[in-house]
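In this text the structure is predicted, and so the values were computed from the model without any measurement. Lettering of chains follows the sequences in order, A, B, ..., and the numbering in each one begins at 1.
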2 protein chains.
Amino acid sequence: MGVTLKQLAASLGLSPTTVSRALNGFPEVNAATRERVRAAATKANYHPNTRAKSLATGRAQAIGHVIPVSTSHEIVNPIFADFIAGAGEVYSRAGYEMILRIVADADEASAYDNLIARGAVDGIMVHGPRVHDPRVELLAGLDIPFLLHGRTSNVTAPYSWLDINNHRSFHRATQFLIDFGHRRIALVNGLEDMDFASRRRKGYLEALSGAGIEPDPMLMRQAEMTEPYGYRAAQEMMQLPDPPTAFLASSMIVAYGLRRGFSDLGLKLGRDVSVVTHDDELSYLPNDGDVPMFTATQSSVREAGRRAARMLLQLVTDPDCGPLTELMETSLVLGASTGPASR
Amino acid sequence: MGVTLKQLAASLGLSPTTVSRALNGFPEVNAATRERVRAAATKANYHPNTRAKSLATGRAQAIGHVIPVSTSHEIVNPIFADFIAGAGEVYSRAGYEMILRIVADADEASAYDNLIARGAVDGIMVHGPRVHDPRVELLAGLDIPFLLHGRTSNVTAPYSWLDINNHRSFHRATQFLIDFGHRRIALVNGLEDMDFASRRRKGYLEALSGAGIEPDPMLMRQAEMTEPYGYRAAQEMMQLPDPPTAFLASSMIVAYGLRRGFSDLGLKLGRDVSVVTHDDELSYLPNDGDVPMFTATQSSVREAGRRAARMLLQLVTDPDCGPLTELMETSLVLGASTGPASR
DNA sequence: TCGCATTCTCAAACCGCTTTGGATGCGGGC
DNA sequence: GCCCGCATCCAAAGCGGTTTGAGAATGCGA
């Protein structure tokens, strides 16, 4: 609907070639002409048609994000919003478009090759990798740059990823609770076929065994990370014959659920029972203030989005820059939700 | 990177024209030929290049979503994720791509005309409309179908929107509390330059005045809807000389904050103090069960996304189908957070 | 004044698809 | 036998840009 290059050229009495080169900064065009062209372009609100441009150049100038929505649970992980906000920032600055596909996880494979075969994107961001995730091999065979937010555990070939150190993070958190004298420590985890959750569990188990504590299956749960899940975990585990004195939560949302569970049981967080949660620093669930409400392993998923986007763009511009990987450490921030074991 | 139409045609000994028509279901092609083409296409994993196709047809087969992120607060409204999940479902079924732009609200205007001038999208979904929102007029002048999720209050010309009945919703909620004997009712609102928040406030005020209750500025707040905001509102308002006996919350997140505030004051929800909240039915904050935790004005934002997407696609396919509008009613669901005024 | 190297500009091909306007071959009615 | 209509297929012209390979204009030295 906008002005076309041809029209602009005609209005200036120049050829499309010259106008194109003028706008794209090629050296072989007179400085005065270039200025004249630039002025006319902004005046006419000329923007090159993306589709035409990318057809001609062969680059789509777009990155695809495929968000899986589990068909069984229909849950949209709230961290996507912040991650995407971070990534989006970087893309627009770099002149890239973000194209988003929401797919039921069953259709995911076809979503990728559809996206690629159609030439719609130059690169792909893979969300929510599972422990065994066929997508990595699928994408590796497809000859397009891609990057995982997270990792997967069954792939030997190198690939690009950005992840937080879930293992160390939960190892440290567990160790911290142990150092406070806790021995009955519960893990309220996300679904453990998700790679991040699986790593957290390993970190937790290693810390326990390092301290000679036998893991108790009654104290380990996994589920979709909703608030009521946290609530039920608190309620039910606290009624065990030998209840936990501390909890590890996989997200702030779950931690809120735990907190509500305790408060309904008349238990005070940080005194009667301790909680360490992972905190993705979602913008609407800030865990800050003079003393943050929760002791947390903290890492901004928004920042992760920014970094992941930058890495992926680098892979797109220079496909041979090799697999890029980044492991972000979390910080363990002391809040009001932890205290020494009382008994 | 995939097979091109030309290659496919060559491999079949046919012209590109025929192959194109065969695949697109034109009648002037022999049934046997068509089958042959189809078979070859699936075998070669042929997908038409989106950019080329849309260049040729003039339709982008894409819808743009512009998500404003307030520069001052850097808050990403969590409802976007669910709304977009709903819309995305509809788009993929209809063969449309969703392209997402995250923009600081200052740059929003330019984001729109950039998107359009580049011919990147066939339609635009407008998020988070404010009471006075220049975007509607801007878009109206741009000759592209668009639809607001929400409304704006300062525009006289008709435009397409899908909204929930915020006014009636909060009017009913307030009335419900009044019927329970509450007279000191607090409103913990979102930012009131947002249109939805402004309408909720009006509904609230009208119900109060209908009952002859003088609104008290001390009982009305507005801010970005975070959990700590709810917490502080509860803490501070309950320490007023004449504290409220009931609260209206603008979102589940705020309601959780309120709840935590009360519980820290030793007050029990539904007995000592009542809360009615709006519930967008976010997937990770379900308010259900035998007796939902909160009495709530309930409306699925996921479903809103689906409907809005369908409406927008209709506007795209038939631009003359006139401004489309839909006002979704919320249901007032009774939960455990409300009870008769005690004093 | 001419020749030649520099600048600057342009015509045309191309990216991968759709679509218009024929072309071809065949059978049937007259 | 001729002409027409129908069923199939195709060549070529776009869509709106970029890019290659030249051509025109200019400046300079000889």
To the nearest Å, how far apart are [X] [atom1] and [N] [atom2]?
| X | N | atom1 | atom2 | result |
| --- | --- | --- | --- | --- |
| A:Leu55 | C:dG16 | CG | P | 7 Å |
| B:Lys6 | D:dA11 | NZ | C1' | 13 Å |
| A:Arg51 | D:dG14 | CZ | P | 18 Å |
| B:Leu12 | D:dC9 | CG | P | 11 Å |
| A:Leu14 | D:dA24 | CG | C1' | 15 Å |

[X] side-chain N/O to [N] phosphate OP1/OP2 under 4.0 Å:
| X | N | answer |
| --- | --- | --- |
| A:Ser20 | D:dT18 | yes |
| B:Thr18 | D:dC10 | yes |
| A:Lys53 | D:dT18 | yes |
| B:Thr57 | C:dT18 | no |

Query - Rounded distance (nearest 0.5 Å) linking atom CE of A:Met98 with atom CD1 of A:Ile84 - result: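 Result: 5.0 Å between the selected atoms.
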
Considering only NZ, NE, NH1 and NH2 on the basic side and carboxylate oxygens on the acidic side, decide whether [X] and [Y] come within less than 4.0 Å.
| X | Y | value |
| --- | --- | --- |
| B:Arg118 | A:Glu97 | no |
| A:Asp122 | A:Arg59 | no |
| B:Arg151 | B:Asp163 | yes |

Report task. Go through residues 21-49 of chain B and report each residue with a non-hydrogen atom lying under 4.0 Å from DNA chain D, sorted by number. Result ->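 Here the set is B:Arg21, B:Glu28, B:Val29, B:Asn30, B:Thr33.
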
Query raised in the report: For the ring pair A:His65 and A:Tyr91, is the centre-to-centre distance below 6.0 Å?
Result: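 Ring centroids of A:His65 and A:Tyr91 are less than 6.0 Å from each other.
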
Query - Closest heavy-atom pair and its distance - B:Ala22, B:Arg38 - result: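 The answer is O-NH2, 4.4 Å.
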
Report task. Could you check whether A:Thr4 gets within reach of a base, just the sugar-phosphate, or nothing at all, counting any heavy atom under 4.0 Å? Result ->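 Answer is sugar-phosphate: A:Thr4 comes under 4.0 Å of backbone atoms only.
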
Query raised in the report: If you take atom types as modelled and just measure distance, does the side chain of B:Thr17 reach the base of C:dT18 with a donor-acceptor pair under 3.5 Å?
Result: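 There is none.
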
Query raised in the report: Just wondering, do B:His149 and B:Leu162 contact through their side chains at under 4.5 Å, heavy atoms?
Result: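 Yes; the side chains approach each other to less than 4.5 Å.
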
Query raised in the report: Looking at the side chain of A:Leu5, which of C:dT9, D:dT18, C:dG16 is the nearest nucleotide?
Result: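 Nearest listed nucleotide: D:dT18.
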
